[in-house]
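Every chain is numbered from 1 and lettered A, B, ... according to where its sequence line falls, protein lines coming before strand lines.
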Amino acid sequence: MDILPEMTHKIKILLDGLIHIRHNPTRHMIYDQTDPKSIEEYAQRAVGRSLREAVGTDCITYKTPGKGGFGQILEEMYFGIKPGNRPEPDFLAAGVELKSFPVKRLKNGKLVAKERVSLGMIDYGAVVDEEWETSTLLKKNKLIQFVVYLHEEGRNYCDMKIVAAKLWKPSEEDLKIIADDWSAIVEKIRSGGAHELSEGDTLYLGAVTKAQNSREMRTQPFGPSAKRRAFSLKQSYVNQILGQLLGKEVTDAESVIHGKADYSQGRTFEDIVKARFEPYIGMTVEQVHERVGQDLNPKAKDYFAAVARRIMGARSRRVKEFEKAGIIMKTVRLRANGTPKEAMSFPAFKFKGLVQEIWDESALKSTLESRFFFVAWQYDEAGQLRLRNVKFWNMPVADLEGEVKKTWEDTRNRILAGRADDLPKSTESEICHVRPHGMNAADTDETPGGRRLPKQAFWLNVSYIKDVLQNQMW
DNA sequence: GCATGATCATGC
DNA sequence: GCATGATCATGC
């Protein structure tokens with residue numbers, strides 16, 4: 001009885017193969033769909049070429065600029081498969097999932113991921129009954145054949161150059177973090193919070209909203225209806241994968257986690273980081289400095305951040321796991337009464353750049369969607385600065401999509417109206433404001449109206465940081 | 001003590 | 001040389 005669907009499937013694969021051959025008269029090699037190595041070798045034949053060059057002259061763009069276009073051509077015309085959205089890997093017998101993603105070239109020549117990589121829709125109803133080890137997500141994505149292409153504006157998918165193709169699976173350390181991310185997402189759905197999911201909740205694996213006009217809602221088993229979401233590898237993590245695929249893994253960022261031993265007793269990455277700080281809590285900065293190495297300059301403006309990185313076990317400014325997860329570390333000094341001494345700055349924006357952005361793809365939204373790691377130092381009554389506590393945090397969606405979005409739009413509108421010298425102040429919003437952020441007053445940027453004004457940046461208000469730390473930190 | 005403007009040390 | 005995170009300076 002089970003034989004019929006099985007046969008139908010086999011016949012379908014055979015037919016697809018025949019169609020494939022018809023579409024690919026110039027193809028030199030028929031690969032073995034049951035062998036990962038063969039799939040990889042076949043994929044690598046396309047590197048350095050466009051799909052049109054790889055499949056012959058009859059490359060057809062199914063969807064002009066839209067997501068899925070490249071992946072669909074790759075599957076159907078190059079690999080000759082038509083997997084659709086099945087819960088199993090695309091190459092079932094080989095256990096290999098085929099994934100492609102675009103990269104873009106920065107002004108400095110570096111290639112970076114253009115977006116996150118989606119790993120399949122979240123079925124709110126079904127996922128709550130799953131375990132990680134046997135989850136749909138893991139089953140489908142254990143081993144991935146990546147195909148990376150260079151995205152160039154205005155170019156047809158058939159003509160974008162393929163820059164890398166490799167079989168890939170996460171390292172054991174990374175897989176552990178991904179498993180914890182999966183659990184955090186599923187736990188939130190189990191407690192009826194699918195509508196409150198946020199990318200900032202997790203490190204490498206995110207729950208990203210699908211469909212731009214997200215009026216389309218899905219039911220969740222234990223809460224109100226929620227936006228459709230897919231599991232995805234976050235952009236910052238995809239950038240690390242890209243480094244591996246290109247054989248240019250970033251080596252100057254330091255790893256904080258050293259092997260599986262760190263993960264004893266079910267600890268998560270965040271538990272481990274927090275545990276590193278615990279022995280130092282309450283110590284003065286001098287005492288901490290003495291214990292983690294004395295060669296730091298106490299006058300440097302990143303002195304407290306440098307000490308914090310030393311506590312984690314990193315000597316350089318870059319912490320690998322933080323980079324992979326896009327976590328932003330921020331050090332905060334608090335007065336004895338708990339008020340932060342300073343507002344929190346973010347990178348300066350360009351007037352002309354900001355007015356061209358739309359909110360959903362803005363630099364500010366992307367930054368504030370990140371997970372943050374706060375390291376808080378506090379002055380005691382004697383004026384001694386002591387390590388107070390640390391905390392991972394991400395901004396509530398209501399704040400981001402409410403007040404922050406409003407301030408951002410206000411800023412944009414004022415620049416457009418020729419009021420770039422009169423941007424939202426900290427008294428105008430509960431959460432953030434705009435302030436100069438350059439080398440000095442002479443460090444300027446040109447407005448759309450042609451004026452030169454000191455470079456500006458968004459800052460989180462002192463009062464907001466205070467609330468975040470007091471209400472949500474300890 | 002707060003709001004806002006200005007600046008500095010670092011690292012790439 | 002410049003971007004960045006963080007802090008300093010000033011005026012009220």
Do A/Lys169 side-chain atoms and A/Asn141 backbone N/O form a donor-acceptor pair below 3.5 Å?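 A pair under 3.5 Å: no.
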
Looking only at atom types and distance, does a side-chain atom of A/Arg116 sit under 3.5 Å from a main-chain N or O of A/Phe231, one as donor and one as acceptor?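 Such a contact is absent between A/Arg116 side chain and A/Phe231 backbone.
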
Assign each of A/Pro340 and A/Asn440 to its nearest nucleotide of DNA chain B by heavy atoms, then name whichever residue's nucleotide is nearer the 5' end. A/Pro340

Between A/Val462 and A/Gly438, just flag the one whose closest nucleotide in DNA chain B comes earlier from the 5' side.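 Result of the comparison: A/Val462.
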
Check each of A/Leu245, A/Ile144, A/Val148 against A/Lys166 using the side-chain contact (heavy atoms from CB on, under 4.5 Å) test, and report the only one that passes. A/Leu245

Specify the separation, in whole Å, of atom [atom1] of [X] and atom [atom2] of [N].
{"X": "A/Glu428", "N": "B/dA3", "atom1": "CD", "atom2": "P", "value": "12 Å"}
{"X": "A/Met439", "N": "C/dA3", "atom1": "CE", "atom2": "C1'", "value": "8 Å"}
{"X": "A/Phe322", "N": "C/dT4", "atom1": "CZ", "atom2": "C1'", "value": "18 Å"}
{"X": "A/Leu385", "N": "C/dA6", "atom1": "CG", "atom2": "C1'", "value": "13 Å"}
{"X": "A/Arg309", "N": "B/dG11", "atom1": "CZ", "atom2": "C1'", "value": "10 Å"}
{"X": "A/Gln456", "N": "C/dT4", "atom1": "CD", "atom2": "C1'", "value": "16 Å"}
{"X": "A/Phe346", "N": "C/dT4", "atom1": "CZ", "atom2": "C1'", "value": "12 Å"}
{"X": "A/Asn461", "N": "B/dG1", "atom1": "CG", "atom2": "P", "value": "19 Å"}

Distance test, side-chain N/O of [X] to OP1/OP2 of [N], below 4.0 Å:
{"X": "A/Thr331", "N": "C/dA6", "answer": "yes"}
{"X": "A/Thr427", "N": "B/dC2", "answer": "no"}
{"X": "A/Lys341", "N": "C/dT7", "answer": "no"}
{"X": "A/Ser426", "N": "B/dT4", "answer": "yes"}
{"X": "A/Arg333", "N": "C/dC8", "answer": "yes"}

Please determine, by modelled atom types, if [X] and [Y] share a side-chain donor-acceptor pair under 3.5 angstrom.
{"X": "A/Trp459", "Y": "A/Glu342", "answer": "no"}
{"X": "A/His437", "Y": "A/Arg435", "answer": "no"}
{"X": "A/Thr209", "Y": "A/Lys227", "answer": "no"}

Ignoring the backbone of A/Ala441, work out which of C/dG5, B/dG5, B/dT7 is nearest its side chain. B/dT7

From the set C/dA3, C/dG5, B/dT4, return the single nucleotide nearest to any side-chain atom of A/Pro347. C/dG5

Regarding [X], tell me which of base, sugar-phosphate or nothing describes its non-hydrogen contacts under 4.0 Å with the strands shown.
{"X": "A/His433", "value": "nothing"}
{"X": "A/Lys425", "value": "sugar-phosphate"}
{"X": "A/Ala343", "value": "base"}

Comparing A/Ala348 and A/Phe304 on DNA chain C - which has the more 5′ nearest nucleotide: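 In this pair, the answer is A/Ala348.
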
No-H, no-angle donor-acceptor pair, A/Ser345 side chain to C/dA6 base, under 3.5 Å: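 Donor-acceptor pair under 3.5 Å: yes.
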
